2 protein chains.
Amino acid sequence: MGGRRDRRPTIVDVARKAGVSKSLVSLVMRGASNVSEASRQAVLEAAQELGYRPNAMARSLVQQRSFVIGVMVSDLSNPFFIDVIQGATEAAREAGYRALVNTGGRQKDNEEDAIETLVRLQVDGLVLAGSIVDAQFIERVGAEVPTVITNRHSRSKVIDSIVIHDRKGAAMAVDHLVGLGHRKIVHITGGRGAGARNRLNGYRQAMKRHGLEEEIRVVAGAYTEKGGAEGVARLVDEGVEFTAILAPNDLAALGVLEALNARGFRVPEDVSVVGYDDTFLAGLGHIDMTSVRQDARQMGAQAVEMLIERADGQRTTTDHIVLEPTLTIRSSTAPPPH
Amino acid sequence: MGGRRDRRPTIVDVARKAGVSKSLVSLVMRGASNVSEASRQAVLEAAQELGYRPNAMARSLVQQRSFVIGVMVSDLSNPFFIDVIQGATEAAREAGYRALVNTGGRQKDNEEDAIETLVRLQVDGLVLAGSIVDAQFIERVGAEVPTVITNRHSRSKVIDSIVIHDRKGAAMAVDHLVGLGHRKIVHITGGRGAGARNRLNGYRQAMKRHGLEEEIRVVAGAYTEKGGAEGVARLVDEGVEFTAILAPNDLAALGVLEALNARGFRVPEDVSVVGYDDTFLAGLGHIDMTSVRQDARQMGAQAVEMLIERADGQRTTTDHIVLEPTLTIRSSTAPPPH
DNA sequence: TGATTCTGTTGGAACGTTCCAACAAGCGGG
DNA sequence: CCCGCTTGTTGGAACGTTCCAACAGAATCA
């Protein structure tokens, strides 16, 4: 029992057992067409009996191709990225590739390390989802392996990017609120997070467009529940008046809801709240929050498709794709009081 | 620009450029001690200039060691597993390993495929988190690579396991509710999910222990929001009376909260609700739900530590670890009405 | 001085695959 | 009967590393 350390059987072991050459075993394992039925059976049987599994590393070494797509995701606790991963995983599988995920936990060093690990493993392509590492570092990596970066603008000549139009998304949220009659609309920012800057600009521009330049109010926050709650605390401390809040993402919006609740504001009767990303959190019946929708799944899938296109040599130019956001209206927004 | 396809530089290229042998380059890259300062500098410089990165596959091939731990996680949308991943990632990093994640999306075929991929990549160890594949399949894998399975009981002689005492956890929830004065406590099950059976048994036994055998009421559910909501629907349809609900996990508990809310029940005034896993969802200020705590992070970390112990050959026996759950009491539980 | 140890360096053999040129056997056609 | 073609099969070279036994030269020792 526990016959673990007996060293895994190799293609040569199978060949010996089946009484053929290793080349033939290789052919059978890859499903080649011109192999006699007799040999095929003998090989398969021997492989079965020995519990043989091809060594993917040895294979990639000679093929110069691993059929693995590496996905480096900045923050696993953000449901948005989970959807990106699932989209990527599925698309990879459909194309005969596998997606492997590595995370850096929003720490620069660890993210670099995670990326480095994947590159050394000779992945055929790399998806960087919301990474915070330097553009310079990414550029170097991109020179070696096809890379797509998501949720972060890039003008690189080497690296593809795929983002969702953040400025437009924020503007849609403002439009919706103004349409309901709100004027005192404030924005809690996402700090240095990916895309936060553009969401802020979108808010500003939309406010101006509606002639509400005077009403623009912005406080610092972050892409976390805590960031949202602190934003509300700042607003209240500074005595800012508001009837609607645009949060930088859903997680922060949850913090906003909580903080408002703790201070006796009712949502949406007293204050309307809009989230961003439209993750499953926003859809939870108990929360049911209006949120700007980004199709994370599609983003992940598309990123992988772009990589495979490159890996197959079908494309040599660089692409920068911008997807359109939509607005999912739920019950956290309503006309302002009186 | 875009000098991608120039073939990556190898150790030989570096050697040539530095005017030394490839062996020496290898020594420098691995930080060996007895290398002259002059050679070291020359090699590092050449490597830097060429943008050389060691090929991890070639390395593992000869070392018979990849320093990669594979983590196959059943369901990425369950926040519980995210914590397992994070614990595993961190523990691996501390030990000089890397964790790579692959998911099967709760589909048997895909899970098997995900596991197979990792094994072929010659991972040094495998963590199976909440996997639903056959015990037989797992057993075969375990014979080849050190494997730890979590959240699922195992008596295997080959595979380590690490679970949290589900029976005890469910019992703690019942104890808490009974302590508050509840008698009509119902359980919505987790269906065929990992550990669901034991949670059900824990509920039953605890009810008996409190002399509430007559009050035992069980309806089918699942480890999803939908599963929880459907459970409530069944309870109401069947006209079951209850003052407290034990959900199979947090996600389901959210569905329960929503369904109760929709039917005009107030929580906790009319009905108390207890979740399971104590994920960040339960802690969200807006939800603030009592939940049985399982330390997922620690579980992930411990799994990796067990694997590395094995990989280093420090241990040849099989371990089956049972962790203790605790109860996090929040505001979704209170004494029953009147 | 000659033997011994230490320091730094080296080439070739592995690791487990795939690729490729080459071949043997069988077959049909002239 | 020989030629060319097809069908299966093969051994050796490659992939990019690490390992290992072996070395040259300097330093140490008796």
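Since the structure is predicted, the reported quantities are computational estimates derived from the model, not experimental observations. Below, read A as the first sequence line, B as the second, and so on, with proteins coming before strands; counting in each chain starts at 1. As a basis for the values below, the full set of heavy atoms in this structure was taken, side chains included, without hydrogen atoms, waters or symmetry mates.
For B:Arg93 and B:Tyr97, the positive end is not near the middle of the six-membered ring at less than 6.0 Å and at most 45° from its axis.
Taken to the nearest 0.5 Å, the CG atom of B:Leu126 stands 10.5 Å off from the CD atom of B:Glu144.
Nearest to the side-chain atoms of A:Asn55 among the listed nucleotides D:dT9, C:dT18, C:dT17 stands C:dT17. The side chain of A:Asn34 lies closest to D:dG8 when the candidates are C:dT18, D:dG8, D:dG16. Taking the side chain of A:Lys22 as heavy atoms from C-beta on, and the options D:dG16, C:dT9, D:dA13, the nearest nucleotide is D:dA13. For B:Val62, taking side-chain heavy atoms from C-beta onward, the closest of the listed nucleotides C:dG16, C:dT10, C:dC15 is C:dC15. Looking at the side chain of A:Ile11, the nearest of the listed nucleotides C:dT17, D:dT17, D:dT10 is C:dT17. When distances are taken from the side chain of A:Ser39 to each of D:dT18, D:dG8, C:dT17, the shortest belongs to D:dG8. Checking C:dT17, C:dT10, D:dG16 against the side-chain heavy atoms of A:Arg59 singles out C:dT17 as nearest. Set against D:dG12, C:dA14, D:dT9, the side chain of A:Ser36 has D:dT9 as its closest nucleotide. Each of C:dG16, C:dC19, D:dG16 was ranked by its minimum atom distance to the side chain of B:Arg7; first place goes to D:dG16. Taking only side-chain atoms of A:Leu61, from C-beta outward, the nucleotide of C:dG16, C:dG12, D:dT17 with the closest atom is C:dG16.
A straight line from CZ of B:Arg65 to P of D:dC19 spans 11 Å, rounded to a whole angstrom. Nucleotide D:dG11 holds its P atom 13 Å from the CG atom of A:Leu27, rounded to whole Å. A:Leu24 places its CG atom 12 Å from the C1' atom of D:dT7, with the value rounded to the nearest Å. The CE-C1' distance, from B:Met57 to C:dC15, rounds to 14 Å in whole Å. Atom CZ in B:Phe67 sits about 11 Å away from atom P in D:dT18, given to the nearest Å. For A:Asp13 and C:dC15, the CG to P distance is 11 Å, given to the nearest whole Å. Taking atom CZ on B:Arg40 and atom C1' on C:dT7, their separation rounds to 14 Å, with Å as the unit. Separating the CZ atom of B:Arg53 from the P atom of D:dC15 is a distance of 21 Å, rounded to the nearest angstrom.
For CD of A:Glu37, the number of neighbouring non-hydrogen atoms (other residues, nucleotides, ligands) closer than 6.0 Å is greater than 12.
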Verdict with supporting geometry, B:Glu116 and A:Arg53, salt bridge (charged side-chain N to carboxylate O under 4.0 Å, His left out)
CA-CA 9 Å; B:Glu116 181 80 25; A:Arg53 286 179 214 264; 2.6 Å; yes
Start with the C-alpha distance between B:Asp13 and B:Arg8, add both sets of side-chain angles, then the distance that settles salt bridge (charged side-chain N to carboxylate O under 4.0 Å, His left out), and finish with yes or no.
CA-CA 9 Å; B:Asp13 299 322; B:Arg8 314 252 271 262; over 6 Å; no
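Taking the nucleotide of DNA chain C with the nearest heavy atom to each of B:Ser23 and B:Gln64, the more 5' of the two is matched to B:Ser23. Between B:Ser21 and B:Gln63, the one whose closest nucleotide on DNA chain C sits nearer the 5' end is B:Ser21.
The two residues B:Ile159 and B:Thr318 come nearest to each other via the heavy atoms O-CG2, 3.2 Å.
An OP1 or OP2 oxygen of D:dC19 is reached within less than 4.0 angstrom by a side-chain nitrogen or oxygen of B:Arg30. Remark: B:Ser26 is not in phosphate contact with D:dT17, judged by side-chain N or O atoms under 4.0 Å from OP1 or OP2.
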